[in-house]
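Here is the structure we will look at, set down as structure tokens.
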Amino acid sequence: MDGAAHGGDHIQVLVRVRPPNARELSRGYVKALRANPGGASLEILHPAHAAAKTTSAHSYGYDHVCDEHQTQAEVFESVGVPVTDAFLEGYHGCLIAYGQTGAGKTYTMQGPDEHAVVVSRADDDDSAAAAMEHDAAGAGAAGARDPEQRGLIPRVLQRIFQRIQDEKDAVEGAAATAGDDEDKENAAAGAGADADANGGGGSIDFTVKCSYLEIYNETVADLLCEDPTGGPQPVIRLDEKKGVFVEGLTEAAVTSAEETYDVFTRGSHNRRVGQTEMNRESSRSHAVFTVSLESRRRPFKGAAVQKRSALLHLVDLAGSERQKSTDSAGERLKEASAINKSLSALGNVIKALVDVADGKERHVPFRDSKLTFLLKEALGGAARCTLLACVSPAAQQTEETLSTLKFAQRAKMVKVKATANEEAVGSAAELAAEVVRLRAQLGALEGGGGSGGGGGGGARARELELHVARANRAAAAAAAAAEENVRDLATKLAGVEELSSRLDKNLQSTKMVLRLREDALKKSLSKKGKKGDAGDDDDANAELAELRKLAECPPEVIRMRMEMTDLRARMEQLEAENGKHPAKGKMTKVCSIHWSPYDRVGGVNADP
């Protein structure tokens, strides 16, 4: 499934069937799931007919179905690549592993655990099946070192940083080429605009951070903290501008895939796991590993900065459990109860979102659990969301498998309306230059076969139209803000000048009073001098010195004059910057007339 395919209007769903584990084999394994040719649907056989392999009418369709023979790399190509590429383009992303305990969720997300116990399987002759079996019963260190068994998380991280490096190399290569060809481009007639649009001086910068938390018994813990159970507890909050975020959560800045995976591994060692009847390394909490990416691109020197930001949630849910299957008791029973309650709240949210997608008025209970509140934006349609439903093929697990398949089918009906988080940042002059650059690209598309270039050129032109419109609106807003700042500063400067004038008048009056006082002190000193009173002379001289200082450097006047100088400098800067804008006072008209996304491409290049 490519990136375009993933850009559908619903949550993408992949169902992965793991191989049978040692426990199922020892209890008389009977296969109850059959993937249909084409990889988009599967059939679940009724337990009573599974041994006879009779056909059942219980068929379920999804975006992808991976049977027990498909590898980790094939799963990554199906769902990991589209989500990662969309994330790099500025879309929020979310990968959620869902299923009963022991279904292979953790193995699918991160691969085998090098610290787990190996449980061999004598009749296993398939490498992918062996890997999944190791996850269900505990994978060994040898499997953890096998690059073919790496899970989605290390593969996603590798692709993120590989794409980042590719983009940096492309920018550096373009800058070097532009530098070598600068003389030729400047000599060519009419090449100046194209050189500015495609030439050197461009830059690109990426900032990557990651965080890792778990939700255990409805309590949020920071897995990157030295003592996750001690210290202040992170709090999930909702902000109008920032959306849902976790206050007090550690964020680690990273620069490579290896460093990021080391952070993930360190956090995974703090995660709560426990042994149950169905899984020797059962996750007892929901774990959410989040990668945040911010990129700042400047196409050429003097252009506006194109800023992108996105979040990618990689979620490994704790598995649903039945007490009779896991034989849980005491603390494990309490954990299972909290896990099932949280997953039930997730199911209620999905049901409500399906009703909303059908046009019904429904309250979506995101706040019923910490998990659904944290994933509110991802589940609510603001992210490219993919659900990985992991199931067992064994007839003994048919009840849980059927529940997982029905949940996945409902999730597929949730609508998604994700948009790229991209904006142009810069001064009015830089934003105007960005408009000129985008106009040049539109002109090149139109002149190079825009009318007969097929759907690809038209789609690119429409995309550029939207970019031009956004940059134009941002430039208009920057110009309006600059003019408003100039007016505010002018008003403030007028007030300061008036106050300064009053202070000058007061200063003149004060100087006159000081002169009179000085004359009186001098007369008093001359009289006292004749009497020989030295102490009074010193006091009078000190008072005269202070009066002269006040007359020469009044602090209020000095402060006001400094503020006036600063205000004038800021006004001159804003006026100079705003005066360079080629469309000053015309931007609103340009936006309303030429930049509608429904206009034809030719209208975009028309002068306002």
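Bear in mind the structure is a predicted one, so any value in this text is a computation, not a measurement.
Phe264 and Tyr212 have parallel rings, their planes meeting at less than 30° on a 0 to 90° scale where 60° marks the start of perpendicular.
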Given the rule in the side-chain hydrogen bond (donor to acceptor under 3.5 Å, both in side chains) test, do Tyr216 and Glu335 qualify, once you have shown the distances and angles that lead to the verdict? CA-CA 8 Å; Tyr216 174 76; Glu335 293 170 347; 2.6 Å; yes
Report the C-alpha separation of Asp222 and Thr250 in whole Å, then their side-chain angles, then the decisive distance to 0.1 Å, and conclude whether the side-chain hydrogen bond (donor to acceptor under 3.5 Å, both in side chains) test is met. CA-CA 7 Å; Asp222 185 354; Thr250 302; 2.6 Å; yes
Apply salt bridge (charged side-chain N to carboxylate O under 4.0 Å, His left out) to the pair Arg163 and Asp85, showing each step before the final yes or no. CA-CA 9 Å; Arg163 286 281 307 275; Asp85 290 349; 2.8 Å; yes
Derivation of the salt bridge (charged side-chain N to carboxylate O under 4.0 Å, His left out) call for Asp9 and Lys415: CA-CA 5 Å; Asp9 62 347; Lys415 300 296 182 182; 3.7 Å; yes
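A 4.5 Å side-chain heavy-atom check between Val83 and Tyr91 finds every atom pair outside the cut-off. Inter-residue side-chain proximity for Val79 and Asp63 is flagged as unmet; no heavy-atom pair is nearer than 4.5 Å. Tyr261 is not listed as a side-chain neighbour of Arg266, based on a closest heavy-atom distance of 4.5 Å or more. At least one side-chain heavy atom of Leu343 sits less than 4.5 Å from a side-chain heavy atom of His286. The side-chain heavy atoms of Cys210 and Val263, taken from C-beta on, include a pair separated by under 4.5 Å. The side-chain heavy atoms of Leu312 and Leu293, taken from C-beta on, include no pair separated by under 4.5 Å. Between Lys307 and Arg297, every side-chain heavy-atom pair lies at or beyond the 4.5 Å cut-off. Contact annotation: the side chain of Ile204 never approaches that of Arg296 to less than 4.5 Å [non-hydrogen atoms, C-beta and beyond].
Contact detail for Thr108 and Gln72: the closest heavy-atom pair is CA-OE1, 4.0 Å. The two residues Arg155 and Glu148 come nearest to each other via the heavy atoms NH2-O, 3.1 Å. Shortest non-hydrogen contact noted between Arg384 and Ala86 is NH1-CB, 3.5 Å. Shortest non-hydrogen contact noted between Leu375 and Cys94 is CD2-SG, 4.4 Å. Closest approach of Leu152 to Phe76, counting heavy atoms only: CD2-CA, 3.6 Å. In terms of heavy atoms, Gln70 sits closest to Val65 at OE1-O, 3.3 Å.
At a cut-off of 3.5 Å, with distance as the only test, no side-chain donor of Gln12 or Thr386 sits close to an acceptor on the other residue. Using modelled atom types and a 3.5 Å distance limit, the side chains of Arg150 and Gln158 yield a donor-acceptor pair. Thr106 and Asp316 form a side-chain donor-acceptor contact under 3.5 Å, judged by distance and modelled atom types alone. Donor-acceptor pairing under 3.5 Å is recorded for the side chains of Gln397 and Gln100.
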Only pairs under 3.5 Å count here: list side-chain donor-acceptor contacts from residues 363-371, not counting sequence neighbours, and write none if there are none.
residue : atom : partner : partner atom : Å
Ser369  : OG   : Thr372  : N            : 3.2
Ser369  : OG   : Thr372  : OG1          : 2.9
Lys370  : NZ   : Glu218  : O            : 3.0

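Looking at Glu423, Glu422, Glu89 one by one, the single match for salt bridge (charged side-chain N to carboxylate O under 4.0 Å, His left out) with Arg308 turns out to be Glu422. For the side-chain contact (heavy atoms from CB on, under 4.5 Å) criterion with Val208, the lone passing option out of Leu157, Val291, Thr255 is Val291.
Between Arg16 and Asp67, none of the side-chain N atoms (NZ, or NE/NH1/NH2) sits under 4.0 Å from a carboxylate O, so this pair counts as no salt bridge.
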